[in-house]
Amino acid sequence: MCNYNMGDTLERALTSVLDQLDEDYEVLVVDDGSNDDSVAKLEKLEKKYSLLRHIPLKRDRKRKLGETRNISIREARGKYVLLHIDGDDVWEPYIKDVVTLFHRIEQCLGRDFLLAGRQVNVGKKSFLLEYGPYRNVYHAEDRDLWHRLAAENAYICLDHRIFRARLPRPKQVRFLKTIKDSWAHISYDLRSGTEGMKYVSYTLMEFFKGRRKKASLKLRLLRVFLVVPAYILSKFQEPLPPPPENENFSGTFGAYRERVRGTYAEIMKRYGGDPDLSFLAAEAREIFSVRE
């Protein structure tokens, strides 16, 4: 888990994870120089949970979320890592089931890959450090890594019912995060090979024609305000070229993702494995049998 100033939700989020794990696991929190009460809460929780370990970092504005995630992977003591367990989510007790499914798929495939579930990713530590790591960008770091792993045919998307819930945060915090996240997405798109003026034009058309059906009017308006300054700034930033097409990966990432995604049963059938889920409890079978 990577944390920066999430003291208002951190304890509830961590407790929901710690209470469902055993000594086969550690929960590692890399704090990115928080100036709220995050570190105090982490120190308090470390006294209660032997599984918990935190690494406090000095604040460095040049270090984006991608590099903080790399630090968390390098510092992890286990052979495998679970990523994107965020500090503002509470989790139902099915994280260990994701790990079980990952290892069964791993045994079936006989090779390394990243299994990307709904907000939880699993992979071998050495593999992620070799074929990653994350680029030093904010909020688009996961999408960028997935694209590069897809080029190696090493990304599989696991469909299941979502079993985590986002905790409420103050309105001002949510508003600032929306601005920051939108800026990060636009900047990444512009730096990763998208033709700049076409992207600006498309963003404007999104607003006037409502092409983004899932995006609210406010979000589309925010993108209109951000896209021009982001385009100008992108001219002075290092490009983030996408991976080259090869025999494993051609066309768009979205098309590749659709080819490799599925429920556990669908994935196992695709690779010639046993799709049976009877080894899970009844509640878990229901969660991992459906697309959502």
> Is there a side-chain contact between V120 and L158 (heavy atoms, below 4.5 Å)?
Replying inline: no
> Do D97 and T100 meet the criterion of a side-chain donor-acceptor pair at a distance under 3.5 Å?
Replying inline: no
>> If we ignore hydrogens and angles and just use 3.5 Å, is the side chain of E67 paired with the main-chain N or O of Y134 as donor and acceptor?
In response: no
> Between D86 and D88, is there a donor-acceptor pair closer than 3.5 Å when you use the side chain of the first and the backbone of the second?
Replying inline: no
>> Test of understanding: with side-chain contact (heavy atoms from CB on, under 4.5 Å), list the residues that count as partners of T15, not counting sequence neighbours.
In response: E11, D19, L45, Y49
>> Using a 4.5 Å cut-off between side-chain heavy atoms of Ile, Leu, Val, Met, Phe, Trp and Tyr, which other residues end up in the same hydrophobic cluster as Y4?
In response: none
>> Which residues pass the ring pair (Phe, Tyr, Trp, His ring centres under 6.0 Å) test with H84, not counting sequence neighbours?
In response: none
> Does any N or O in the side chain of K64 come within less than 3.5 Å of the main-chain N or O of R61, such that one atom is a donor and the other an acceptor?
Replying inline: yes
> Got a sec, which pairs hit salt bridge (charged side-chain N to carboxylate O under 4.0 Å, His left out) with one end in residues 170-179, sequence neighbours left out?
Replying inline: K177-D181
>> With heavy-atom distances below 4.5 Å as the criterion, would you say the side chains of Y25 and K96 are in contact?
In response: yes
>> With rounding to the nearest 0.5 angstrom, report the OG1 to CE distance, T68 to M1.
In response: 14.0 Å
> If we ignore angles and hydrogens, is there a donor and acceptor under 3.5 Å between the side chains of R223 and H185?
Replying inline: no
> For the atom pair CG (L190) and CE (M197), what is the distance rounded to the nearest 0.5 Å?
Replying inline: 10.5 Å
> Would you say the side-chain atoms of D89 pair up with the backbone N or O of R164, donor to acceptor, closer than 3.5 Å?
Replying inline: no
> So, S38 versus N3: side-chain donor-acceptor pair below 3.5 Å or not?
Replying inline: yes
> Between atom CZ of R104 and atom CG of L277, what is the distance when rounded to the nearest 0.5 Å?
Replying inline: 8.5 Å
> Stepwise, does the salt bridge (Lys or Arg N to Asp or Glu O under 4.0 Å) test hold for R291 with E266?
Replying inline: CA-CA 10 Å; R291 285 195 177 203; E266 291 169 340; 3.4 Å; yes
>> So, taking the atom named NZ in K58 and the one named CG in D32, what distance separates them when rounded to the nearest 0.5 Å?
In response: 14.0 Å
>> Please evaluate residues K125 and E130 with respect to the criterion salt bridge (Lys or Arg N to Asp or Glu O under 4.0 Å), reporting the C-alpha separation (whole Å), side-chain torsions for both, the decisive distance (0.1 Å), and the verdict.
In response: CA-CA 9 Å; K125 172 182 174 177; E130 179 181 358; over 6 Å; no
> Quick one: do L51 and V99 end up in the same hydrophobic cluster if we chain Ile, Leu, Val, Met, Phe, Trp and Tyr together by side-chain heavy atoms under 4.5 Å apart?
Replying inline: yes
> Mind checking what makes ring pair (Phe, Tyr, Trp, His ring centres under 6.0 Å) contact with W146, not counting sequence neighbours?
Replying inline: Y155
> Which other residues end up in the same hydrophobic cluster as I55, if Ile, Leu, Val, Met, Phe, Trp and Tyr are linked when side-chain heavy atoms come under 4.5 Å apart?
Replying inline: L28, V30, L57, I71
> Can you name the residues that form a ring pair (Phe, Tyr, Trp, His ring centres under 6.0 Å) with H160, not counting sequence neighbours?
Replying inline: F163, F288
> Any chance the side chains of E106 and Y80 put a donor and an acceptor closer than 3.5 Å?
Replying inline: yes
> Using a side-chain heavy atom cutoff under 4.5 Å and only I, L, V, M, F, W and Y, what cluster partners does Y138 have?
Replying inline: L65
>> Just verifying a value: how many Å separate W183 CH2 and K180 NZ, rounded to the nearest 0.5 Å?
In response: 13.0 Å
> Does Y131 have any ring pair (Phe, Tyr, Trp, His ring centres under 6.0 Å) partners at least two apart in sequence or in another chain, and if so, which?
Replying inline: F127
> Do E23 and S50 get their side chains close enough for a donor-acceptor pair, meaning under 3.5 Å?
Replying inline: yes
> Do any N or O atoms from the side chain of S192 and from the backbone of D189 form a donor-acceptor pair under 3.5 angstrom?
Replying inline: yes
Please list every donor-acceptor pair under 3.5 Å in which a side-chain atom of residues 267-274 meets a protein atom from a residue at least two apart or in another chain.
from	atom 1	to	atom 2	distance (Å)
R270	NH1	V260	O	3.0
R270	NH2	R261	O	2.6
D274	OD1	D276	N	3.0

>> Given 3.5 Å as the limit, does a donor-acceptor pair link the side chain of E26 with the main chain of L52, or not?
In response: no
>> Within the 4.5 Å heavy-atom criterion, are S289 and T263 side-chain neighbours or not?
In response: no
>> So L83 and I73, do their side chains get closer than 4.5 Å, heavy atoms only?
In response: yes
> Is there side-chain contact between E141 and R69, with heavy atoms separated by less than 4.5 Å?
Replying inline: yes
> Can a donor-acceptor pair be found between the side chains of N153 and Y256 at a distance below 3.5 Å?
Replying inline: yes
> side-chain contact (heavy atoms from CB on, under 4.5 Å) with H54: which residues, sequence neighbours excluded?
Replying inline: V29, V39, L42, E43, E46, P56
> Do any N or O atoms from the side chain of N70 and from the backbone of P133 form a donor-acceptor pair under 3.5 angstrom?
Replying inline: no
> Quick one: CZ on R191 to CG on L233, what's the gap to the nearest 0.5 Å?
Replying inline: 8.5 Å
>> Side-chain heavy atoms under 4.5 Å apart, restricted to Ile/Leu/Val/Met/Phe/Trp/Tyr: what other residues fall into the cluster of L240, or is it alone?
In response: V137, Y188
> Under a 4.5 Å cut-off applied to non-hydrogen side-chain atoms, are N35 and N5 in contact?
Replying inline: yes
